[in-house]
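Accompanying notes for the structure given below.
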Amino acid sequence: MTPAPVSRPSFRDALRAESPLQIAGTLNAYAALLAQRAGFSALYLSGAGVANHSYGLPDTGLTTLEDVLIDVRRITSRVALPLLVDIDTGWDDPAMTVREIAAAGAAAVHIEDQVPAKICGHLPGKHLVATEEMLSRIEAAVSGKPHDSFVVIARTDAAAVEGLLAAIERAKAYLAAGADMIFAEALRSLDDIRAFTSAVDAPVLINLTEFGQTPYFTLGELKDAGVAMVLYPLSSSRAAAAASLEVFSAIRRDGTQQAVIDRMQTRAELYDILGYQPPT
Ligand SMILES: C[C@](O)(C(=O)O)[C@H](CC(=O)O)C(=O)O
Ligand SMILES: [Mg+2]
């Protein structure tokens, strides 16, 4: 399906309108409609989500630009909110990656400093590329921006590997190379977050992925610590996955779905979210 051109607020518009900006992870168009209904004004397509949910694979750098583009297009063709896309390490040609992701209707990307065979930022055993190599990635990504309002966020995974000060130094270098904003991955305390945001002269994103290294700080705590953006990359898909397993298991166990009907969205609720008027 070819997406119709949609006019949408830019990522910076969303950032100006809400502080900190809450960004909802949505793996498909319907999840994006649900996040919009709940009042979010910015969306996220998770690389882990594409790998885990669209392909049933771990988040280890197996999915490609094409795989991600399919899911980007599905979301942007249906929902006009600004979409931040996880482009992992940028693949072979970060300039082309940014051009393609922007052409698919996204408003922003984040590109990270792990080696191409990357893993979840909240796991032990991460390996980073040298700062110089990440600077080349960022310069290439920035050169692919179609216009000034497209945002390139540089993500550093360094805090867990090289320490907080090294992560701050990397972030400063990434900004000097042209990154617009910084994603500080897997920080463990509000003190660390505050140290990071006060040292880095750009909007900082904190990732509240569940079962990770960063505690579930409240929006108020993160605001006080100087955070500009708060990411919930997989919250709804984790909940949906647990609910799906429970429902499948109940149907197999009971031979009927009666015990789990009250866990389900109704047909009327579905049509309401879709804006669909069924025949009467
Ligand atoms: C944000 C992230 O990059 C993602 O792909 O959603 C992941 C999330 C996760 O694995 O929980 C990450 O933090 O590396
Ligand atoms: Mg990711």
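In each ligand, atom 1 is the first atom listed, and ligand 1 is the first ligand listed. One-based numbering along the sequence shown.
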Worksheet item: How are the rings of Tyr276 and Tyr271 set relative to one another: parallel (under 30°), tilted (30 to 60°) or perpendicular (over 60°)?
Response: perpendicular
Discussion item. For Phe150, is there any backbone N or O sitting under 3.5 Å from a side-chain donor or acceptor partner on Lys145?
Written reply: yes
Worksheet, complete the sentence: Glu269 meets the side chain to side chain contact (heavy atoms under 4.5 Å, CB included) criterion, sequence neighbours left out, with Gln265, Thr266
Worksheet item: By residue and atom, what protein N/O/S atoms are less than 2.8 Å from the Mg ion (ligand 2)?
Response: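 Less than 2.8 Å away from the Mg ion (ligand 2) sit Asp86 OD2.
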Pairs under 3.5 angstrom only: tabulate donor-acceptor contacts from the side chains of residues 18-27 to other protein residues two or more places apart or in another chain.
| unit_1 | atom_1 | unit_2 | atom_2 | d |
| --- | --- | --- | --- | --- |
| Glu18 | OE1 | Ser41 | OG | 3.2 |
| Glu18 | OE2 | Gln22 | N | 3.0 |
| Gln22 | NE2 | Tyr232 | OH | 3.0 |

Worksheet entry | Residue pair Ser46, Asp86: steps toward the side-chain hydrogen bond (donor to acceptor under 3.5 Å, both in side chains) verdict | CA-CA 5 Å; Ser46 153; Asp86 180 354; 5.0 Å; no
Discussion item. Quick one about Glu185 and Thr156 (side-chain donor to acceptor, distance below 3.5 Å, no hydrogens or angles considered), yes or no?
Written reply: no
Worksheet item: Any side-chain donor paired with an acceptor under 3.5 Å for Thr89 and Arg155?
Response: no
What does the N/O contact table under 3.5 Å look like for ligand 1?
| unit_1 | atom_1 | unit_2 | atom_2 | d |
| --- | --- | --- | --- | --- |
| ligand 1 | 3 (O) | Asp86 | OD2 | 3.3 |
| ligand 1 | 3 (O) | Arg155 | NH1 | 2.8 |
| ligand 1 | 5 (O) | Ser46 | OG | 3.2 |
| ligand 1 | 5 (O) | Gly47 | N | 3.2 |
| ligand 1 | 5 (O) | Ala48 | N | 2.8 |
| ligand 1 | 5 (O) | Asp86 | OD2 | 2.8 |
| ligand 1 | 6 (O) | Ser46 | OG | 2.6 |
| ligand 1 | 11 (O) | Thr209 | OG1 | 2.5 |
| ligand 1 | 11 (O) | Arg238 | NH2 | 3.2 |
| ligand 1 | 13 (O) | Glu185 | OE2 | 2.6 |
| ligand 1 | 13 (O) | Asn207 | ND2 | 2.9 |
| ligand 1 | 14 (O) | Gly121 | N | 2.7 |
| ligand 1 | 14 (O) | Arg155 | NH2 | 3.2 |
| ligand 1 | 14 (O) | Glu185 | OE2 | 3.3 |

Discussion item. So which atom in Thr97 and which in Gly90 form the shortest heavy-atom distance, rounded to 0.1 Å?
Written reply: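 Minimum heavy-atom contact is OG1-O, 3.0 Å.
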Discussion item. Here's a test for you: under side-chain hydrogen bond (donor to acceptor under 3.5 Å, both in side chains), which of Asp191, Thr197, Asp192 qualifies with Arg194?
Written reply: Asp191
